[in-house]
Amino acid sequence: MAAQAKLPPYSETLRCAALTAAALKIGKGTPQESQLFDHVVFWGMANADAGRAAAKRPKEVEADVAAQSAIVEPKLRTQDAASVAALADCAARVPPLD
C-alpha cells in the first residue's frame, strides 16, 4: 500500500479550495468545466480533512471557502497574475482522479 501524502495545512487547502471553486464558477459551460469540477472535489475534500484536523466545524469550513472564493473570483476574472499562478499551482497538485 502506498504511503499517503501529508495533509497540507488548513490555510493552504482553503486557498486552493477557494481558488478552484471560483474557477469553476467562472468556467461553467466551458470545455474545462469537468476538469475544474475534479479540482473542486479534490480540494474540497482536502480542505474538509484539514478543517477537521484544525478542529473547525464543517459550517465554518464551508463559510471560509465561500468568503475566500468571493475574494478571489474577481481577481481570476481580471486574470490577476498572482491569482492565476496560485490556481495553476493548485491544479498541478491534483492527482489523476480516475
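Each residue takes its place number in the sequence, starting with 1. Computed from a prediction, not measured in an experiment: that's the story for all the values here.
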**Q** Are M45 and V94 connected into the same hydrophobic cluster when the rule is that any two of I, L, V, M, F, W, Y join if their side-chain heavy atoms are below 4.5 Å apart?
**A**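 Result: no, two separate clusters.
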
**Q** Compare every heavy atom of G51 with every heavy atom of V61, then report the nearest pair and how far apart it is.
**A**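 Looks like CG2-CA, 3.9 Å.
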
**Q** How far does CD of E73 sit from CG of L24, to the nearest 0.5 angstrom?
**A**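 Atom-to-atom, E73:CD and L24:CG are 10.5 Å apart.
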
**Q** Which pair of non-hydrogen atoms, one from A50 and one from P8, has the smallest distance, and what is that distance?
**A**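 That closest heavy-atom pairing would be CB-O, 3.8 Å.
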
**Q** Any idea which heavy atoms bring T13 and A46 closest together, and the distance?
**A**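 Minimum heavy-atom separation between T13 and A46: CG2-O, 4.0 Å.
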
**Q** Would you call R15-D89 a salt bridge at under 4.0 Å N-O?
**A**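 D89 and R15: salt-bridged.
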
**Q** Tell me, do L87 and L76 make a side-chain contact under 4.5 Å, heavy atoms counted?
**A**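 In short, these two side chains touch, coming nearer than 4.5 Å.
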
**Q** Which heavy atom of V72 sits nearest to which heavy atom of A18, and what is that distance?
**A**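 Answer, listing the atom of V72 first, then A18: CG2-O, 3.8 Å.
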
**Q** Considering only residues two or more places apart or on different chains, which pairs with a residue in residues 31-42 satisfy side chain to side chain donor-acceptor pair (under 3.5 Å)?
**A**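 Those involving residues 31-42 are T30-Q32.
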
**Q** With rounding to the nearest 0.5 angstrom, report the OG to CD distance, S11 to Q68.
**A**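 With rounding to 0.5 Å, OG (S11) is 10.5 Å from CD (Q68).
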
**Q** Would you say the side-chain atoms of W43 pair up with the backbone N or O of L14, donor to acceptor, closer than 3.5 Å?
**A**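 A pair under 3.5 Å: no.
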
**Q** Same cluster or not: are L19 and V84 linked, directly or through other Ile, Leu, Val, Met, Phe, Trp or Tyr residues, by side-chain heavy atoms under 4.5 angstrom apart?
**A**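 Hydrophobic grouping puts L19 with V84.
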
**Q** So, do E60 and D64 sit near enough that their side-chain heavy atoms are less than 4.5 Å apart?
**A**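 In short, these two side chains touch, coming nearer than 4.5 Å.
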
**Q** Are F42 and V40 connected in the hydrophobic side-chain network, where two residues link if heavy atoms are under 4.5 Å apart?
**A**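 Cluster IDs for F42 and V40 differ.
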
**Q** Side-chain contact test, heavy atoms from C-beta onward, threshold under 4.5 Å: evaluate it for K25 versus S69 and give yes or no.
**A**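 Result no, sub-4.5 Å side-chain heavy-atom pair not found.
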
**Q** Provide the closest heavy-atom pair for Y10 versus K56 in the form atom of the first, atom of the second, distance.
**A**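 For Y10 versus K56, the nearest heavy atoms are CE2-CE, 3.3 Å.
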
**Q** Do you know which two heavy atoms are closest between A17 and N47, and how far apart they sit?
**A**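 What the structure gives for the nearest pair is CB-CB, 4.0 Å.
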
**Q** Would you call V65 and E62 a side-chain contact if the rule is heavy atoms closer than 4.5 Å?
**A**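 Not in contact.
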
**Q** Using the test salt bridge (charged side-chain N to carboxylate O under 4.0 Å, His left out), find all partners of D49 that sit at least two apart in sequence or belong to another chain.
**A**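 Applying salt bridge (charged side-chain N to carboxylate O under 4.0 Å, His left out) to D49 gives R52.
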
